[in-house]
Every structure is written in C-alpha cells, then in structure tokens.
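Read through the structure below, which is laid out as structure tokens, and then see the notes.
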Amino acid sequence: MRRLIGYTLFWIAAGMVVGLFIESIFLSILLILFLLLLGYNMFLC
C-alpha cells in the first residue's frame, strides 16, 4: 500500500512540474520538492 501511495505522490509532483510552465510560484516549488521526496521515500520503503 505504501508503494502505491508513493507512486501516486510521485506522479502528482510530476504533474505539478508541468504546471510550473504555466505559472511560477515559490510555494509550488516547495510543494513539488516535498511530494517528490515523500513519494520517493515511500516507494522505496
């Protein structure tokens, strides 16, 4: 289950990276980095 949640969070963050091309906001960058790290850690554990 944790792998599935990690996979989902990783792709949500990847989608937000695409959203960065539309508008660039500092909080969006922080949220993307947080979701990428959280998703990566949950996928590997």
Side-chain angles (χ1 to χ4, degrees):
M1 187 63 172
R2 290 184 66 190
R3 290 183 64 135
L4 179 63
I5 294 171
Y7 180 77
T8 303
L9 288 174
F10 180 83
W11 285 110
I12 288 172
M16 292 180 74
V17 168
V18 173
L20 257 181
F21 292 113
I22 298 171
E23 56 181 322
S24 179
I25 300 173
F26 181 71
L27 291 177
S28 294
I29 295 171
L30 290 178
L31 185 59
I32 290 166
L33 291 174
F34 174 73
L35 288 174
L36 281 172
L37 288 173
L38 184 64
Y40 182 74
N41 286 332
M42 289 184 75
F43 186 73
L44 292 179
C45 291

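The figures that follow rest on heavy atoms only: side chains count, while hydrogens, waters and symmetry mates do not. Along the sequence shown, residues carry numbers from 1. These figures come from a predicted structure and were not determined experimentally.
- There is no path of hydrophobic side-chain contacts, each under 4.5 Å, that joins Leu4 to Leu37.
- From Phe43, atom CZ reaches atom CD1 of Ile5 across 13.0 Å, with rounding to the nearest 0.5 Å.
- Residues forming a side chain to side chain contact (heavy atoms under 4.5 Å, CB included) with Leu36 (at least two apart in sequence, or on another chain): Phe10, Ala13, Ile32.
- Remark: Leu9 CG to Arg2 CZ distance equals 11.5 Å, nearest 0.5 Å.
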